[in-house]
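Numbering of residues begins at 1 and proceeds along the displayed sequence.
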Amino acid sequence: PAVRRIDLDLRYPAYTGMTPERIEDGGDVAAVRGTRVKVNVRSTMPVTGGRLVFEGDSSITLRRANDSTLVGELTVREDGFYRIELTAEDGTKVAGSVEYVIDALDDMAPSIVVRKPGRDVRPTNVEEVFVEVEATDDFSVGRVELVYSVNGEPEQTIALNDSGARRSKEVIAGHTLFLEEMSLKAGDVVSYYARATDGDGARQGQQAASDIYFLTVRPFGRDYRQNQQGGGGGSGGQQDPGALTQQQREIVAATFKTERDRETTPPNVLRENVTTIHLG
């Protein structure tokens with residue numbers, strides 16, 4: 001006997017939100033770690049049994065579904081190979097197939113960006129600022145949030161999607177910040193960023209954050225003109241408050257990005273980034 005056909009039924013981990021998939025007339029397996037694969041083997045003639053044989057000669061027994069069909073299940077944990085061994089009706093064990101590849105895919109972290117405004121802006125304290133974010137994941141996006149803080153106070157979190165709804169690989173969501181409700185005054189700063197996870201209720205999942213942005217409140221009904229104070233020779237002028245605020249924002253943004261990317265940044269680059277922030 002030999003293998004005539006292999007059909008694979010893939011059941012992905014629940015946190016991915018992916019529906020089961022059937023691959024007909026296949027053999028090679030490429031799936032995220034933790035995926036359970038039901039292997040349906042059809043032989044060219046009746047057999048009494050068989051095994052899935054892996055590297056190192058570990059094996060899983062195949063059960064008979066009928067005279068020429070065997071069924072077994074494997075779980076994708078690491079890269080490797082497997083082959084199918086069949087037991088003929090006379091008890092002889094034969095190699096029923098060539099080796100097939102098992103490719104264990106890593107679950108990548110999601111990514112998220114702020115599409116609108118996508119930059120720092122200077123609204124008045126009565127304006128409405130619409131923030132739109134886009135999150136993507138290799139399997140499915142879980143929770144998407146908008147996180148903001150006023151003048152460095154504790155962060156406030158707003159859920160932008162229903163994580164219990166049908167999940168997809170891409171989520172575009174938005175929220176309007178009503179600045180008038182925040183009791184802001186000229187010079188106040190609202191920092192914000194977006195956050196996404198690929199987990200579900202049963203799994204925390206991996207998390208990602210966008211860049212951080214700032215809303216700096218400008219006076220209502222007034223135009224700022226630089227160098228308003230007349231010339232004249234006095235002693236060295238004071239530092240422009242606006243320039244100082246900009247410098248502070250740049251330090252906050254650099255610190256946020258360095259901390260966010262800490263785990264994926266080479267140690268020498270991380271040290272350089274921290275030193276640069278300290279010098280700022």
Side-chain angles (χ1 to χ4, degrees), residues 3 5-42 50-63 65 69-85 95-113 134-145 161-171 194-210 259-267 270:
V3 172
R5 175 183 173 127
I6 299 176
D7 295 330
L8 304 174
D9 293 315
L10 281 65
R11 290 175 173 79
Y12 300 99
Y15 74 84
T16 65
M18 298 180 66
T19 57
E21 179 182 3
R22 184 175 181 85
I23 299 175
E24 297 183 346
D25 200 9
D28 292 338
V29 177
V32 65
R33 300 177 194 275
T35 299
R36 291 183 294 118
V37 183
K38 181 179 178 182
V39 183
N40 304 278
V41 179
R42 299 182 187 179
R51 298 188 302 164
L52 298 178
V53 183
F54 305 94
E55 291 178 281
D57 288 334
S58 62
S59 65
I60 294 175
T61 300
L62 296 172
R63 67 180 185 277
T69 302
L70 302 173
V71 179
E73 184 174 288
L74 62 88
T75 301
V76 178
R77 303 191 188 282
E78 58 186 7
D79 293 344
F81 299 90
Y82 78 95
R83 59 183 173 83
I84 296 170
E85 178 186 89
S97 71
V98 297
E99 288 189 331
Y100 295 101
V101 175
I102 299 176
D103 190 3
L105 305 179
D106 291 326
D107 179 15
M108 306 301 292
S111 63
I112 186 166
V113 295
E134 179 180 356
T136 58
D137 187 63
D138 48 354
F139 296 107
S140 66
V141 178
R143 187 175 178 85
V144 180
E145 301 170 320
N161 72 321
D162 181 2
S163 58
R166 179 179 174 82
R167 296 167 60 180
S168 64
K169 294 183 179 182
E170 180 182 56
V171 172
R195 187 165 60 198
T197 177
D198 62 0
D200 58 12
R203 175 182 180 273
Q204 184 176 358
Q206 302 178 91
Q207 195 173 88
S210 70
E259 185 61 29
R260 181 195 64 184
D261 301 337
R262 175 182 293 272
E263 293 186 2
T264 58
T265 303
L270 179 61

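Shown here for Val113 and Ser210, the closest heavy-atom pair between the two residues is CA-CB, 4.1 Å. Among all heavy-atom pairs drawn from Thr35 and Pro13, the shortest one is OG1-CD, 3.5 Å. Taking every heavy atom of both residues into account, Ala196 and Ile112 meet most closely at CB-CD1, 3.9 Å. Residue Ala31 comes nearest to Tyr12 through the heavy atom pair CB-CE2, 4.2 Å, listed as atom of the first residue, atom of the second, then distance.
In this structure the side chain of Gln206 never reaches within 4.5 angstrom of the side chain of Met108, judged on heavy atoms. Here the side chains of Val101 and Phe81 are in contact, with some heavy-atom distance below 4.5 Å. Using a 4.5 Å cut-off on side-chain heavy atoms (C-beta onward), Arg36 and Thr75 make contact. Looking at heavy atoms from C-beta onward, Val141 lies out of side-chain contact with Glu170 at the 4.5 angstrom threshold. Leu8 places a side-chain heavy atom less than 4.5 Å from the side chain of Val39.
Without hydrogens or angle criteria, Asp198 side chain to Ala109 main chain gives no donor-acceptor distance under 3.5 Å. Side-chain N or O atoms of Ser97 include one that pairs as donor or acceptor with a backbone N or O of Ile84 at under 3.5 Å. The main-chain N or O of Gly27 is found under 3.5 Å from a side-chain atom of Tyr82 such that the two form a donor-acceptor pair.
Between the NZ atom of Lys169 and the CZ atom of Phe139 there is a distance of 7.5 Å, given to the nearest 0.5 Å. Here the CG atom belonging to Asp138 is positioned 9.5 Å from the OG atom belonging to Ser111, to the nearest 0.5 angstrom. From Arg51, atom CZ reaches atom CD1 of Ile60 across 11.0 Å, with rounding to the nearest 0.5 Å. With rounding to the nearest 0.5 angstrom, the CG atom of Asp7 is 7.0 Å from the CG atom of Asp25. To the nearest 0.5 Å, atoms CZ (Arg33) and CG (Asp103) are separated by 9.0 Å. To the nearest 0.5 Å, the span separating CZ on Arg11 from CD on Glu73 amounts to 7.0 Å.
By the salt bridge (Lys or Arg N to Asp or Glu O under 4.0 Å) test, Asp9 is found to be paired with Arg22, residues two or more places apart in sequence or in another chain being considered. Taking Arg77 as the reference, nothing meets the salt bridge (Lys or Arg N to Asp or Glu O under 4.0 Å) condition, with sequence neighbours excluded.
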